[in-house]
Amino acid sequence: MSELRETRLEKARALAELGQGPYALRFDPSHRTAALQQDHADLAKGEERDLEVAVAGRVMTRRVMGKLAFFTLADETGPIQLYLEKSTLDGPPPEVALADGAAALGSYAQITSLVDAGDLIGVRGTLRRTDRGELSVKVTAWWMLTKGLQPLPDKWHGLADVETRYRQRYLDLIVSPQTRETFRRRARMVSAMRRWLDERDFLEIETPVLQSVPGGADARPFETHHNALDLPLTLRIATELHLKRLVVGGFERVYELGRIFRNEGISTRHNPEFTSVEIYQAYADYTDMMDLTEQLIASVCEQVCGSTTITYQGTEIDLTPPWRRGTMHELVEQACGLDFNAFTSREEAAAAMAAKGLEAPALADSVGRLLNEAFEQTVEADLIQPTFVTDYPVEISPLARNHRSKPGLVERFELFIVGRETANAFSELTDPVDQRQRLEAQQDRRAAGDLEAQGVDEDFLQALEVGMPPTGGLGIGIDRLVMLLTDSPSIRDVIAFPLLRPEVRPEGHPQGHQEP
RNA sequence: GGGUCGCUAGCUCAGCGGUAGAGCACUCGGCUUUUAACCGAUUAGUCCUGAGUUCGAAUCUCAGGCGACCCA
């Protein structure tokens, strides 16, 4: 069963006997492969360049033909071919050694028999472009850096099994340039976002992940426990309430980009831990936050994709500001003809929805909640191009301030792109008395069985009593934005290690040779 | 939570009631211009798990596990 592994362990022992263990200490590459490919693009077929280089990486493929062999060596920047000639390698060994004293190995027989696809090796040699036009390192000396004991995925099909791609992401990264590019781009996006905010004097301040009162969103938390204090704690479901405390404290522009945890289902759009950025700007309202959202996302897109027009799953998406804006009432009326301003009772609204074939769940116990239901059922999926949906019902927005001119509504928007909620923002509620009533109403719902309703955070209310300036607040779902900008259909494609059920391995039969 | 599909050699898959198969990988042999190298030989399996139907099950039925997609 593990014959291949035994064979490779045997080769590791053979390397040790040759004075070079299978796990080296260090190596000094002179170049990365992409730089070599670029710098020597002018080298003609069949020509050699008398420049000694040292490169390190993973052996991806091996082609051995008698007294000549070709390996493909890949480092982080990409592949380069190794040209292995018996007459060169069996000559006098070069006077070079690793820092830890390991002698360079020379002989052709050794490199072709002791090096497998998947091993990490370092080589020295000169440059040569083969007759077939492939830039190659003509190897004069080599070192085993790390002997691999497991085979690489099929070199032609790659990792076709999506489950293995998620469970063993390292294999996916080794064989899939596309996956590497996704995570590179994710890193650049996060970096560009921080840079954009930092340049505008926003301070990133870290707030607690472990909290005794979960708040800032409607979601079920993960529960945990602090032993020394014998204290039940939950993982944060939002960063909102602590960032607002910082605004109370006098920081006028703050943000936090970090991990959020919500104890909910898994889908192509949901992972129980995900990344958000929440941004708060004193003396601003939700219209300012709309402008900020457009500018921030357009800027990041431009930097990462080179344009504000992108293609997502075959559909062209134009992120060039300004974006479409519409109130929830307008959009629902356009989609299904129901004017929710006209309804004076829940029953009336529910009956009108039923007449249109829409569902009116019992948990939606007010006209406002039914409006939101109608929105989700008739509008949301069709908001493909970026759209700000504004002016939400107060019942579903316990942290947003009342609308300046529309009773029963709040100053809030959500951003939808490709039918997905991508950002959420308010003119923040600064009135502590109103805020207390809103949170107590939430708590009542919670007592009535709504597990996603928030509790009352007394310390947060106290902070509001000290006085929070008028403030605009914004949250952006980073994972969904990464999906958009990397053309990824599933959130699992943009999270390096998505949550999966633990793999079941039959007892006494460890799969993949993991030690017990 | 509901539905559909998948799970067979290390990898990618075929087989769909009658001796467990192919390509690649591995091992051995040959080969100095390959790049899915090629040629020859060998090795490799709890057909996801359990129960049932049957003379006989990878194949049919039921239950369970894990995953994917769609819906809520």
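Each chain gets a letter, A, B and so on, in the order its sequence line appears, and its residues count up from 1.
Taking the charged nitrogens against the carboxylate oxygens, A:R259 and A:E273 do have a contact shorter than 4.0 Å, which makes a salt bridge. Taking 4.0 Å as the cut-off between side-chain N and carboxylate O, A:D131 and A:K45 do not count as a salt-bridged pair.
Across all strands shown, A:T72 has no heavy atoms under 4.0 Å from either base or sugar-phosphate atoms. Nucleic acid contact class of A:Y166 (heavy atoms, under 4.0 Å, all strands): sugar-phosphate only. Across all strands, A:T268 comes closer than 4.0 Å only to sugar-phosphate atoms, never to a base (heavy-atom distances).
Of the listed nucleotides (B:C31, B:C66, B:U35), B:C31 has the atom at the smallest distance from the side chain of A:M65. Of the candidates B:U12, B:G10, B:U32, B:G10 carries the atom nearest the A:P151 side chain, counting heavy atoms from C-beta on. Minimum atom distance to the side chain of A:K67 is reached by B:U32, of the listed B:C66, B:U35, B:U32. Between B:C70, B:C26, B:U12, one nucleotide has an atom nearer to the side chain of A:R62 than all others, and that is B:C26. Each of B:A68, B:G23, B:U27 was ranked by its minimum atom distance to the side chain of A:D154; first place goes to B:G23.
Proximity of A:R492 to the phosphate of B:A68: a side-chain N or O atom is located under 4.0 Å from OP1 or OP2. Residue A:K11 places none of its side-chain N or O atoms closer than 4.0 Å to OP1 or OP2 of B:C26.
One atom, CD1 of A:I266, and another, P of B:G67, lie 8 Å apart when rounded to the nearest Å. When the P atom of B:C48 is taken as reference, atom CG of A:D161 falls 14 Å away, rounded to whole Å. Atom CG of A:L152 is separated from atom C1' of B:U12 by 15 Å (rounded to the nearest Å). If you measure from atom CG of A:D131 to atom P of B:U35, you get 13 Å, rounded to the nearest angstrom. When the P atom of B:C26 is taken as reference, atom NZ of A:K147 falls 10 Å away, rounded to whole Å. Put simply, CG on A:L159 is 14 Å from C1' on B:C24, counting in whole angstrom units. Counting to the nearest Å, the C1' atom of B:U35 and the CZ atom of A:R63 are 3 Å from each other. At whole-Å resolution of the value, CG in A:L68 and P in B:C38 are 16 Å apart.
A gap of 49 Å separates the P atoms of B:C39 and B:G3, to the nearest Å. The same atom, C1', is picked in B:G50 and in B:G65; the two are 10 Å apart, to the nearest Å. Comparing the same atom, C1', in B:A58 and in B:G45 gives a spacing of 11 Å after rounding to whole Å. Atom P of B:A20 sits at a distance of 30 Å from the matching atom of B:C28, rounded to the whole Å. B:C16 and B:A25 are spaced 28 Å apart, taking the P atom of each and rounding to whole Å. A distance of about 11 Å separates the P atoms of B:U61 and B:C5, rounded to the whole Å. The C1' atoms of B:A57 and B:G18 are separated by 10 Å, rounded to the nearest whole Å. Here, B:C11 and B:C71 have their P atoms 31 Å apart, quoted to the whole Å.
Judged as a salt bridge (charged side-chain N to carboxylate O under 4.0 Å, His left out), and not counting sequence neighbours, A:R262 has no contacts. With sequence neighbours left out, the salt bridge (charged side-chain N to carboxylate O under 4.0 Å, His left out) criterion links A:R492 to no other residue.
Closest-nucleotide positions on RNA chain B for A:Q81 and A:V162 were compared, and the one nearer the 5' end corresponds to A:Q81. The 5' end of RNA chain B is approached more closely, in terms of each residue's nearest nucleotide, by A:G133 than by the other of A:S490 and A:G133.
Ring-centre distance between A:F375 and A:F340: not below the 6.0 Å cut-off.
In this structure B:C62 sits in a base pair with B:G50, meeting the Watson-Crick or G-U test at under 3.5 Å. As the counterpart of B:G23, B:C11 is assigned, both hydrogen-bonding distances of the Watson-Crick or G-U wobble pattern falling under 3.5 Å. Pair assignment for B:U4: B:A68, on the basis of Watson-Crick or G-U wobble contacts that are both within less than 3.5 Å. When Watson-Crick and G-U wobble pairs are counted only if both distances are under 3.5 Å, B:G56 pairs with no nucleotide at all.
In this structure, A:R128 forms a cation-pi arrangement with A:Y83, its terminal cationic atom sitting closer than 6.0 Å to the ring centre and no more than 45° off the ring axis.
For A:R128 against B:U33, a side-chain N or O and a base N or O form a donor-acceptor pair under 3.5 Å.
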Does the pair A:Y166 and A:D493 meet the rule for a side chain to side chain donor-acceptor pair (under 3.5 Å), with working shown? CA-CA 8 Å; A:Y166 299 145; A:D493 296 326; 3.1 Å; yes
